[in-house]
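Data first, discussion second: the structure below is written as structure tokens.
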Amino acid sequence: MKRLVRENIQKMTAYSSARSEFKGSASIFLDANENPFNSSVNRYPDPLQWVLKEQIAKIKGCQKEQILLGNGSDEVLDLLFRAFCEPKEDHIITLPPTYGMYQVLAELNNVNNQQIPLNENFEINTSAVQTAINTKTKLLFICSPNNPTGNTLNRQSIEQLLGNKNLIVVIDEAYIDFSKEESWVTKLNQYPNLVVCQTLSKAWGAAGIRLGMCFASTEIIDVLNKIKPPYNINSLTQKYASNLLDNQQSYDQKRTTVLDERARLEKVFQSFDFIKKIYPSDANFILIKVENAAHLYQHLVQKGIIVRNRSTQLNCENCIRISIGTPDENTQLLAALTTYI
Ligand SMILES: *Cc1c(COP(=O)(O)O)cnc(C)c1O
């Protein structure tokens, strides 16, 4: 994978922080110009977050050296662009309709985004993607389960695309906890060009602490570690995340409730005539097609309920994306839909 890395990144020397230079135990630290008076946050955090990574590795079944943590997945995705895409030269491939950040990051990094639309079932058009790949293609973003459509993308298609070792295949699994399908993290040892992104923002219920997880071969992780801001995960986030991951029971409970509620909404949605289509969901939201999305959106706003009108997205005309709320919130949503004519 090394040859896919941008030349300036290959050549650069990483910042060497005080906390990474001395690795041992000592009683007096006068090496980082920190404030010596103890509070819980007067010291710089562990730049490589080993305590947290050890917990994550155990939960996900990988090695801690195969993990990079970011200030949300968004930072992880940005690091991938910076590591692999030469501005104005290289390009990426995305599969719309999909997560909007890939396009934003492509523009930010001045990298061309070649869009190969998902087919009418929102599945990958594998042969079109393969045709689009050339020597300038560095990253292929596959969001699975996909946002905003909710479906998990076909495994055989992804496997086929992973077979091309001349580019990095990024599988964004922000919603994997809600899917019946297995995570691609278990396939890291099989594919050196595989990068999997997950997050604590959805199923773990911690969008506010900003913790994104990236899983890849140690070769790729080493490159990303070299270019990340040295202290990108603050101590409060590391501590909070560590406690959160210790509480698997709370995670299971919330996840089960979301899945039960998703099934309930899907079922009741079928009784509304104005809902033309309910897309099958493996995520914590449901995409529906209605007669008039803007009209329904306004109706719900009047009831104090905000959903996402996704009509502007490719092949999502009159589609509304609804996040699964608490049981009480969902009941109110259904009541509001009942009064819609
Ligand atoms: C919500 C979401 C994320 C999570 O981003 P964070 O920066 O970790 O909060 C990532 N990818 C997709 C597709 C998402 O929908």
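The first residue of the sequence shown is numbered 1, and numbering continues consecutively from there. Read the numbers this way: they start at 1 and go in the same order the structure lists the ligands and their atoms.
Applying the 6.0 Å contact sphere to OH of Tyr240 captures no more than 12 heavy atoms from other residues, nucleotides or ligands. Around CZ of Arg255, the count of heavy atoms belonging to other residues, nucleotides or ligands within 6.0 Å exceeds 12.
With a 4.0 Å cut-off on non-hydrogen atoms, Glu75 does not touch ligand 1 at all. Under 4.0 angstrom from ligand 1, the non-hydrogen atoms of Lys202 all belong to its side chain. The part of Ala174 lying near ligand 1 is the side chain, judged by heavy-atom distances below 4.0 Å. Both the backbone and the side chain of Asp74 come within 4.0 Å of ligand 1, judged by heavy-atom distances.
Taking the ring axis of Trp184 as reference, the NZ or CZ atom of Arg155 stays within 45° of it and closer than 6.0 Å to the ring centre. A cation-pi geometry, defined here as NZ or CZ lying under 6.0 Å from the six-membered ring centre and within 45° of its normal, holds between Lys53 and Trp50. Judged by a 6.0 Å distance limit and a 45° cone about the ring axis, Arg264 is not positioned over the six-membered ring of Phe269. Cation-pi contact between Arg321 and Phe285: present, with separation from the ring centre below 6.0 Å and deviation from the ring axis of at most 45°.
Nearest non-hydrogen protein atom to atom 15 (O) of ligand 1 is Tyr175 OH, 2.6 Å. Distance from atom 7 (O) of ligand 1 to its nearest protein heavy atom, with residue and atom name: Arg210 NH2, 2.6 Å. Here the heavy atom of the protein found nearest to atom 9 (O) of ligand 1 is Ser201 OG, 2.7 Å.
The option from Asp172, Asn147, Leu211, Ile209 that lies nearest to atom 12 (C) of ligand 1, judged by heavy atoms, is Asp172.
Listed by atom number, the atoms of ligand 1 under 4.0 Å from Gly72 heavy atoms are 7 (O), 8 (O). Listed by number with element, the atoms of ligand 1 under 4.0 angstrom from any heavy atom of Cys143 are 13 (C).
Counting heavy atoms from C-beta on, the side chains of Gln66 and Ser217 never come closer than 4.5 Å. When side chains are defined from C-beta on, Leu244 counts as touching Leu200, because their heavy atoms get closer than 4.5 Å.
Within the structure, the closest approach of Ala207 to ligand 1 does not fall below 4.0 Å when heavy atoms are considered.
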